[in-house]
Each structure stands twice: as C-alpha cells, then as structure tokens.
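Taking it in order: structure first as structure tokens, then the write-up.
Residues: numbered from 1 along the sequence shown.
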Amino acid sequence: KKRMQKSEAVKKDGELNDSKPSSKTKVNDTPKCGLTPWRMPQPYCSPLETLSRMHPLVVYNSLTRSKVRFIPQASFYNPNDRKVMWYQCGPTVYSDTHLGHARTYVSLDIIRRIMQDVAGYDVLLCQNVTDIDDKIILRSSAEKVPFLEFARKYEAEFNHAIYGLLGCRPPDITTRVTDYVTEIISFIEVLIRNGVAYESQGSVYFSVSSFESQGHRYGKLLPEQIGNSVLLAEGEGALSAEGAEKRAAADFALWKRTKGSVQLCDGTSAAIEEPFWQSPWGKGRPGWHIECSAMAHAALGAFRNKDSSSGPGPGELDVHAGGVDLKFPHHDNEIAQSEGFLGRAPQQWVNYWLHTGHLNIRGQKMSKSKKNFVTVEEALRSCSSRQLRLLFLLHKYNATMDFTAAEAGGASSSLEQAEAAERLLVEFFHNAKAALRQLGGDQRPPAEDELQLRGRLLHTQAAVRAALLNDFDTPAALALLQELVRDCNRYMDRDRDRDLKDQRPLCAASLTAVAGYVTAVLRTFGLTEGGSEMGFGSAPGAEGEGGREKTLSPLLDVLSRFREAVRQAAISGNCGAVLSLADELRDDVLPDLGVRMEDKGSGAEAVTVWKLEDAGVLQRERQQKEAARAAKELQRQEAARKLAEKDDRAKIPPSEMFLGQSDLYASWDADGFPTSDKSGQPLSKAAIKKLQKEVAKQKEAYEKYQSRLSTAP
C-alpha cells in the first residue's frame, strides 16, 4: 500500500497508458502489486517511416517526371478511407481494336489490380467512350451508316476484345459523350463566365492567354511541345473550322459549330452530314478535349470529398491515366479546362498522372494512320491471351516495348520470353499437382530443405510486394516469382537420381504453400480468374466448367471406345495391339481433350502421370511433331534420291562418260576422251586437265560400284 501511494506512475486498472518512458526514468524492473514488468512497443522511429508505412505505394507521376508517394485524397479526411478516384481515357470507336489498345488497357488493368489486391485500395474507375468525333463522322459518312450505329458497332468490338478476349475488368462507370452533351454545355458556360473561353461564329474556344493571365500555367505535362502545330492540328480534328475563328493558334475548340460542307485534307470540298445538338451558341457538337474534363467532373463529382473544394490541397481526382501519346495536347488541355472551371490558381485538378508507353511493331511506332497496326484478334492467332498479358507484364508499363510474332524460318520474336515464362509456370503447376496427388494427405514435419524452401517463400513474398509497390514493377516481380518456382522445382527433383528405397517423401504443406502463393500473384496479374487454388485455371475469355455430365462426357466417350478396343484385342490374344492402343490414347486421343499423359521410367517400373493442359497447346505440339516427322521423311527421301543418282552415274564406264555429250564435243579418241569442242577446235590444256580429273573421279566410283556388285549375295 505504501508503494502504491508513493508511485504516481501507476494507473488505475483499465486506464490506457501509452506514454513513452523518458530516458531519465527507470523502467519498471521490479514488480508492483505483483504485476509483471512491461515495456510498450515503439513501432516507428520517425514521422517519415510512419508515412511510408501508412502509404507504402510509390508511383511515377508524369506531372513531376519522378517517383512520388501515393497518398489518396480520401485519407486527408479519414485515414481509414481507402477510396481512390480514378479516371482514364477510353477508346475513340471508329476502327478495329488493335494491339496499341491492348498494351494500354491491359497494363492499366494490371495496375488497377495491384492497387486493389496488394495496396488494398478501393478503386473507383471511370472510363469514357468517345462516340462522336471527326474520325467517326468521316468514316460513318463514307460507309453511309448513321454515326451512332457505326460507333456502337466498334464499341462492342472493343468491349469483346479488351474485356472478353483479354480479360480486363470493366470500369465501374462508363461515360459516353453523346450521353453527357448537356453537362458538357454547362461546363463550357462556366468556362466562358470565368473568362477563359470565348464564342466565335457559333463555335467556342478555350483562350490559353486568358487562362495564363489568371495565374495558371498551361502545358504542365509536356511544356516542350507547346506550339507544336502538328500535334495541335491533330488534336483539333480534320473537320475543324478555319483558323480565322480563333484568336490565337494555341486556342482549342470546346464546341464546334455545324457546317454544311467541309474542306478535306486533300483540298477538296465535300458535304458531310454532321450530327448536332442545340446550344446557346447554335447547332454544334463538343470538341474532343472538353469531353473528359466535363464527364469526369459530372460522373465522379458525387463521390468526391466535399472538403476538397476549398483552398489548395488535394485535387478532384487521385489518378488520371492513358496512353503516352495523349499527354499533349489532350491531357494538357484537360488540365487547363478543369483548372479554368474550378477558377482557382494555383489549382491541382489531378494528383497523379499515369501514362503507358508506346507499343512498336518491328521497331516502328504503332498507329492507325501508319496502317501498321495488328488487331487483337490477329495477334491472338499467333499467341494466347495469357501469353499476351505475360508479354506486357515482362515490360514496365510506362516503357516503350516492341511486338514481333514468330516468323517462318525460326526468326526470334518478342513473344518467346513470354512463352518461356508460361512454359515454366505451367510445368511447375503440373509437377506440383502430380506430386501432391501421390503424397495424398501427408503432413510430416518439415526437414532442413523444406525449411529452406519456406524461407525462400517468405523472402519472395516480401520482395514481390516491395517490387509491386515500387511503381508497379511487374518485370522484377515476375523474375522473383520465376526464381521461387525454379527453387521449388529443384526441391521436387532432389530424389530423382536416388533409388526408391532412399527417397524421402516431399512435404505436401510446403509444396501447397509455394504453389498457392504463385497462383495468388498470377491472379493479381489477371493471368487466372475464379477460385482456382493452384494453377492457371481458365484463361481469360474461356468458358467456365459446365455441369458434371458436360464435363465428363468427352472423357467417358473416349474411355468407352478404348475399353472396347482393348477388350477385342485381348480376346484375340494380340498383345501388340493393346500396346498400340495405349500409345494411341496417349498421343492422339487425350491431347484433343486437353490431357497430357507422360510415362516416367521404363519397363515394369514405369509410372504414368497425367497433366491438364490447353487442348490448343497440345494440338499445336502434335502438329509440330508431325511436321518434324514429315520433314525428316522428306530428308530421307531426298538422301535416297541423291544416292540413287550417284549409283546411276557410277554404273557408267569412264570410257563412255563423254560419248553422249555431242552438244559439247565434236570428236573423241579411242578411249572415249574428248579431243575437240563442238566447233571442232582442239581442247585447251586447262580443259583437258579438268576432264582428266573427272575421268579419274568416275573411274574410282565405277570400280567401287563393280566391287559392290561382285560382293553382293
């Protein structure tokens, strides 16, 4: 009691004591009232470390051209709010969906998955569809199809390719320009009231000089491209009005008036029926750049933290993403429009800009205008959607990459690395599943090599997480994952060369842990969907499993036919036919069902294992084997033909080899050797010397042939 009265540091039972003991105060080393001494853990050593642990993700921000810490605006007001406001530019639907689209949207899909599955954010993604545009108007007019019908056709194709074939997750919100014309008009009216836009002859333009005079800065992403007339003209579109409507060359269209006829790029004039909407400035339609600013504000405004509308600080959006070719003028114009709309300077509309790199085709930038683009469906004829996603994963999302498919003659391609990575992973899952089937429910304690494998797993888990949180470094993460797989393969192969009696069973728990982790990372990357606990499962775009009858019927049909054939062979006593049927089942029948059957060992000790594989892969392997056999047979036939020709030549005696060549020679001596050419001129010494060598060679071949005849049975 005396000790309790004297001690002021002892709190009442149940009170929180989170104060840190001072350096001058001795920590409780002796029990008080019989309680055990306790030291409060100190989790962080500095505010910077606290920040890095609360927000571990680092991203490359195109606005700063450097890596910066990712801190979503929602966390400013509630540290437990994990919401991320993300807008990204969608397709302009006027042509086929190509590999450039695939590179952008698969890469952004991977980033979105990492932010959700690894960083733990609740991503709200809004993506637009440009369904009214100069290119759409020109192409639909040329094909004499209503523009909206034309746009919906290519939008459906885009959705099928990107979300169906390539397995990207659809956006949470999709905005189409034709659905937001009213909001776009209202947005433009605010820009006019704020003094950064003006009407001219029925069109409305954004005034860059007025914007800058209010303290704003134009061209934040690519200031070095300001004044690039080629990019500015491309951003305005082929149906833009003459420059006389604009006050300055840098100004860009927010609203385009409808014209009866237009001047085409070839200098000719043509009547194009332009779609239009009524507006305060007359009939017209939105410009290209204004759509994203207006639709992002309208669609995501309801989800924005209201406190962020006053004073400098967090912007309206956390993330804005798109292809690198959109930086200028499109994204720089979006920034100007949105900051002009908000009416404050300095103002940061978007906190983080993410841009995917170019995709080149055989070293050249891919674009529709260059006519060198490969459609998604064309690409999927030479590779699978999984291989294509792996190819993108093996390159940093914001780096330029080159795509080349395999060519005849064995030319190398950029797909080979992706195919090799897939092959390593597929074989790993096959072998792990086969080993686990043999082990059953074995749960023996781990030995030293299992502990080492577990240690490698823990190291890889930490390193992969660090790589993905370091600006979504998927190439580094995949390299770490492949090294873990190779370590596990070495573990599974450790007893291959030992006698069966000396082999020690593998640890099922360790194998399951490694294979399960690898599967989880692949699921984060979008390489497998669904609830597969181990392995790839269904590829993106593939149909899921049907009912039990639908799943088992093909295999049961094969099994029934095989049983009947074996039964007939057994009744007739033909053991050779049984073995042939077994080989046919393995080589020709089961591959069509997606089953690979392999014989391990030989003779009576042989063990057969089965592995599930994509039927298309097995069919291609069989075709390659058949092609190799056919090529080998052609080589054999060619060698036999050459040997027969050689034997036919060897049958001719040396004295007769030149007698039939009257087109070359006019006379011969008694031994059949030519003495003059076809014009009657005597042969030169050089010609005689050459012919003598041929005679000697023929004499040797003739004597060998005669020798074979005399020794033949």
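- Other residues, nucleotides and ligands contribute more than 12 heavy atoms inside 6.0 Å of the CD atom of Glu157.
- Not counting sequence neighbours, the partners of Thr675 by the side chain to side chain donor-acceptor pair (under 3.5 Å) test are Ser667.
- Between Asp487 and Arg490 there is a salt bridge, since a side-chain N of the basic residue sits under 4.0 Å from a carboxylate O of the acidic one.
- Smallest separation of non-hydrogen atoms from Leu581 and Phe562: O-CE1, 3.6 Å.
- No donor-acceptor pair under 3.5 Å is formed between the side chain of Ser707 and the backbone N or O of Glu703.
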Take Glu422 and Ser384 through the side chain to side chain contact (heavy atoms under 4.5 Å, CB included) test and state the conclusion after the steps. CA-CA 10 Å; Glu422 181 190 45; Ser384 67; 4.0 Å; yes
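- Although no hydrogens or angles enter the test, the distance criterion places a donor-acceptor pair under 3.5 Å between the side chain of Ser572 and the main chain of Ala569.
- Distance check, rounded to the nearest 0.5 Å: NE2 of His430 to CG of Leu425 gives 11.0 Å.
- Annotation: side-chain contact (heavy atoms from CB on, under 4.5 Å) contacts of Asp648 (sequence neighbours excluded): Lys651.
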Contacts under 3.5 angstrom, residues 102-110 side chains, donor-acceptor by atom type, not counting sequence neighbours:
residue: Arg103; atom: NH1; partner: Gly357; partner atom: O; Å: 3.3
residue: Arg103; atom: NH1; partner: His358; partner atom: O; Å: 3.1
residue: Arg103; atom: NH1; partner: Ala399; partner atom: O; Å: 3.0
residue: Arg103; atom: NH2; partner: Lys396; partner atom: O; Å: 2.8
residue: Arg103; atom: NH2; partner: Tyr397; partner atom: O; Å: 3.0
residue: Arg103; atom: NH2; partner: Ala399; partner atom: O; Å: 2.9
residue: Thr104; atom: OG1; partner: Gly100; partner atom: O; Å: 3.4
residue: Thr104; atom: OG1; partner: Thr356; partner atom: OG1; Å: 3.2
residue: Tyr105; atom: OH; partner: Cys89; partner atom: O; Å: 2.9
residue: Tyr105; atom: OH; partner: Gly90; partner atom: O; Å: 3.4
residue: Ser107; atom: OG; partner: Arg103; partner atom: O; Å: 2.6
residue: Asp109; atom: OD1; partner: Arg169; partner atom: N; Å: 2.9
residue: Asp109; atom: OD2; partner: Arg113; partner atom: NE; Å: 2.7
residue: Asp109; atom: OD2; partner: Arg389; partner atom: NH1; Å: 3.0
residue: Asp109; atom: OD2; partner: Arg389; partner atom: NH2; Å: 3.1

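- His160 NE2 to Leu166 CG: the interatomic distance, rounded to the nearest 0.5 Å, is 9.5 Å.
- When the shell of 6.0 Å around CD of Gln568 is examined, it contains more than 12 heavy atoms from other residues, nucleotides or ligands.
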If you apply the rule side chain to side chain contact (heavy atoms under 4.5 Å, CB included), what do you find for Leu478 with Phe525, and how did you get there? CA-CA 10 Å; Leu478 268 179; Phe525 290 160; 4.2 Å; yes
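- Pro475 places none of its side-chain heavy atoms less than 4.5 Å from the side chain of Leu394.
- Arg139 has its side chain within reach of Ser95: a pair of non-hydrogen atoms, C-beta onward, lies under 4.5 Å apart.
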Show the numbers, then the answer: is there a side chain to side chain contact (heavy atoms under 4.5 Å, CB included) between Val617 and Val426? CA-CA 11 Å; Val617 172; Val426 168; over 6 Å; no
Set out, in order, the CA-CA distance, both residues' side-chain angles and the distance that settles side chain to side chain contact (heavy atoms under 4.5 Å, CB included) for Leu415 and Cys383, then state yes or no. CA-CA 8 Å; Leu415 282 173; Cys383 67; 3.8 Å; yes
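- For Arg641, the salt bridge (charged side-chain N to carboxylate O under 4.0 Å, His left out) partners are Glu638, Glu645, not counting sequence neighbours.
- The salt bridge (charged side-chain N to carboxylate O under 4.0 Å, His left out) analysis of residues 671-692, with sequence neighbours excluded, yields no pairs.
- Proximity of a side-chain donor or acceptor of Gln698 to a complementary backbone N or O of Ile652 within less than 3.5 Å is detected.
- Atom CZ in Arg423 sits 9.0 Å away from atom CD in Glu416 (nearest 0.5 Å).
- Atom CG of Leu691 sits about 4.5 Å away from atom CZ of Phe673, to the nearest 0.5 Å.
- For Arg563, there are no salt bridge (charged side-chain N to carboxylate O under 4.0 Å, His left out) partners two or more places apart in sequence or in a different chain.
- Residues Ser676 and Leu683 have side chains not in contact (no heavy-atom distance under 4.5 Å, counting atoms from C-beta outward).
- Considering all non-hydrogen atoms of both residues, Gln661 and Trp668 come closest at O-CZ2, 4.2 Å.
- The two atoms that bring Pro591 and Leu585 nearest to each other are CD-O, 4.2 Å, heavy atoms only.
- Taken from CG in Leu99 to CG in Leu388, the straight-line distance is 6.0 Å, to the nearest 0.5 Å.
- Looking at residues two or more places apart in sequence or on another chain, you find a salt bridge (charged side-chain N to carboxylate O under 4.0 Å, His left out) between Asp583 and Arg586.
- Electrostatic pairing of Lys704 and Glu700 counts as a salt bridge here, judged by a charged N lying under 4.0 Å from a carboxylate O.
- Asn489 approaches Phe428 most closely through the heavy-atom pair OD1-CD1, 3.5 Å.
- With sequence neighbours excluded, the residues that form a side-chain contact (heavy atoms from CB on, under 4.5 Å) with Tyr702 are Pro653, Pro654, Gln706.
- In this structure, His101 contributes its side chain and His98 its backbone to a donor-acceptor pair below 3.5 Å.
- A 4.5 Å side-chain heavy-atom check between Leu391 and Met401 finds at least one atom pair inside the cut-off.
- Remark: Phe150 engages Tyr154 in a ring-ring contact (aromatic ring centres under 6.0 Å, His included) (not counting sequence neighbours).
- The list of salt bridge (charged side-chain N to carboxylate O under 4.0 Å, His left out) pairs with a residue in residues 611-623, not counting sequence neighbours, reads Glu427-Lys611, Asp592-Arg622, Arg596-Glu613, Arg596-Glu621, Glu598-Lys611.
- Remark: Glu633 engages Arg636, Gln637 in a side chain to side chain donor-acceptor pair (under 3.5 Å) (not counting sequence neighbours).
- Interatomic distance, Asn159 CG to Thr97 OG1, rounded to the nearest 0.5 Å: 8.5 Å.
- In plain terms, the two heavy atoms of Leu359 and Ile361 that are nearest each other are CD2-CD1, 3.8 Å.
- In this structure, Tyr491 and Leu506 have side chains that are in contact, with non-hydrogen atoms separated by less than 4.5 Å.
- The minimum heavy-atom distance between Leu165 and Glu377, with the atom names listed, is CD1-CG, 4.0 Å.
- Contacts of Phe429 classified as ring-ring contact (aromatic ring centres under 6.0 Å, His included), with partners at least two apart in sequence or in another chain: Phe536.
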